[in-house]
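Residue indices begin at 1 and follow the sequence shown. Everything quoted here is computed from the prediction, not taken from an experiment.
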Amino acid sequence: MIIFTYRNYNGNSKALAERCLKELLGKDTYISYYGDGKPYVVDEDLYISISHTYRDIVIAISKKQVGIDIEYKKSRHYESIAQNMLKKDVLDIDTFYREWTKHEAQFKQGSDDGEFAHFEVFANTEMTVFSEDTEYKFIPMETFIK
């Protein structure tokens, strides 16, 4: 799995993801969306998941179903969100963000088949990937976007 990362993103996430696909495949490749909003790569045997928080964006591309979520850790009343949305008690804000990104990544992936992996690719963020693909290669988009 390739995970593209970009800090200070400002713009169209679909266009940015298509730029990542071009970098990866060496040709123009397009993304469309299912009715539920989940993106897919047109005419390629690849899966894609996109997440952004504030100005940070991550894009996971894999040959297996994948879900990715990134959240900026900010002060918030996490206890009620955890109870209402996650149906869990959490002890602190770091645990909340870990559980929340797990929840979102698995939802985006769409099944129970996979493993969770957690990364802090940017300061003050929590990122989780959920997939059966557990080999990760990170590519900063700054290497090909000027």
Side-chain angles (χ1 to χ4, degrees), residues 1-76 78 81-82 84-88 90 92-146:
M1 169 185 328
I2 306 294
I3 300 174
F4 290 94
T5 63
Y6 195 53
R7 179 135 252 196
N8 294 319
Y9 143 84
N10 185 16
N12 182 318
S13 61
K14 178 180 182 258
L16 193 57
E18 288 173 342
R19 179 76 167 91
C20 291
L21 284 163
K22 184 171 185 168
E23 184 69 21
L24 185 65
L25 302 174
K27 64 180 183 175
D28 287 332
T29 308
Y30 302 97
I31 295 170
S32 193
Y33 295 88
Y34 295 109
D36 63 0
K38 185 175 181 176
Y40 68 91
V41 182
V42 176
D43 297 330
E44 295 290 335
D45 191 24
L46 293 171
Y47 296 93
I48 190 164
S49 187
I50 304 166
S51 184
H52 50 83
T53 183
Y54 293 102
R55 295 185 62 161
D56 299 333
I57 186 167
V58 290
I59 299 167
I61 300 171
S62 177
K63 292 188 182 231
K64 297 183 179 184
Q65 289 274 4
V66 61
I68 194 167
D69 189 54
I70 188 168
E71 294 291 335
Y72 179 77
K73 294 180 188 178
K74 64 181 179 179
S75 178
R76 66 184 331 161
Y78 62 88
I81 298 168
N84 293 329
M85 301 298 290
L86 301 175
K87 308 298 185 215
K88 294 181 178 182
V90 294
D92 57 51
I93 198 153
D94 289 330
T95 304
F96 167 76
Y97 280 108
R98 174 144 311 184
E99 291 299 317
W100 183 260
T101 58
K102 281 173 59 178
H103 171 80
E104 288 290 307
Q106 188 172 16
F107 176 79
K108 289 178 177 185
Q109 191 261 12
S111 81
D112 293 330
D113 300 326
E115 294 183 25
F116 292 105
H118 304 279
F119 304 95
E120 188 178 304
V121 293
F122 305 118
N124 300 316
T125 63
E126 178 76 30
M127 185 186 86
T128 300
V129 178
F130 185 73
S131 180
E132 290 181 275
D133 185 352
T134 58
E135 294 183 27
Y136 309 98
K137 178 180 179 184
F138 290 86
I139 299 176
M141 289 182 233
E142 289 86 354
T143 61
F144 58 88
I145 296 175
K146 307 294 184 251

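- The minimum heavy-atom distance linking E126 with Y97 is given by the pair CG-O, 3.7 Å.
- For the residue pair D133/Q65, the side-chain donor-acceptor check at 3.5 Å is not satisfied.
- With T29 contributing its side chain and K27 its backbone, the two residues share a donor-acceptor pair below 3.5 Å.
- A side chain to side chain contact (heavy atoms under 4.5 Å, CB included) with I48 is found for one member of V66, I68, V41 and no other, namely V41.
- By the 4.5 Å heavy-atom criterion applied to side chains, K74 and Y54 are counted as neighbours.
- For D92 against T95, the heavy-atom pair with the smallest separation is OD1-N, 2.7 Å.
- Contact check for L46 versus L21: side-chain heavy atoms found under the 4.5 Å cut-off.
- For Y136 against A117, the heavy-atom pair with the smallest separation is OH-CB, 3.2 Å.
- Between L16 and Y9, the shortest heavy-atom distance links the atoms CD2-CD1, 3.6 Å.
- Residues Q109 and S49 have side chains not in contact (no heavy-atom distance under 4.5 Å, counting atoms from C-beta outward).
- Under a 4.0 Å N-O distance rule, the pair E18/K14 qualifies as a salt bridge.
- With respect to the salt-bridge test (charged N to carboxylate O, under 4.0 angstrom), the residues E23 and R19 qualify.
- More than 12 heavy atoms of other residues, nucleotides or ligands sit less than 6.0 Å from atom CG of N8.
- Only one option out of E132, E135, M1 pairs with S62 in a side chain to side chain contact (heavy atoms under 4.5 Å, CB included); it is M1.
- The shortest distance between side-chain heavy atoms of S51 and E104 does not fall below 4.5 Å.
- A donor and an acceptor atom, one from each side chain of D69 and T128, are nowhere located under 3.5 Å apart.
- Atoms OG1 and CZ, from T143 and F4 in turn, are 8.0 Å apart once rounded to the nearest 0.5 Å.
- The aromatic rings of F119 and F138 lie perpendicular to each other, with more than 60° between the two planes, well past the 30° mark.
- Using the six-membered ring where Trp is involved, H103 and F107 have ring planes that are parallel, under 30° apart on the 30 and 60° scheme.
- Remark: I3 CD1 to I59 CD1 distance equals 11.0 Å, nearest 0.5 Å.
- A distance of 6.0 Å separates CD of E142 from OH of Y6, quoted to the nearest 0.5 Å.
- Residues Q106 and F116 meet the side-chain proximity criterion, which asks for heavy atoms closer than 4.5 Å.
- Interatomic distance, CD of E44 versus CG of L25, reported as 5.5 Å (0.5 Å rounding).
- Taking 4.5 Å as the limit, some side-chain heavy atom of D28 sits within range of a side-chain heavy atom of Y30.
- Nearest heavy atoms, F144 versus C20: CZ-SG, 3.9 Å.
- Rounding to the nearest 0.5 angstrom, the gap separating the CD1 atom in I57 from the OG atom in S13 is 5.0 Å.
- Heavy atoms of other residues, nucleotides or ligands lying less than 6.0 angstrom from CG of D45 number 12 at most.
- Taking all atoms of both residues into account, the shortest heavy-atom contact from I70 to T53 is O-CB, 3.7 Å.
- For the atom pair K108 NZ and D36 CG, the distance stands at 12.0 Å (nearest 0.5 Å).
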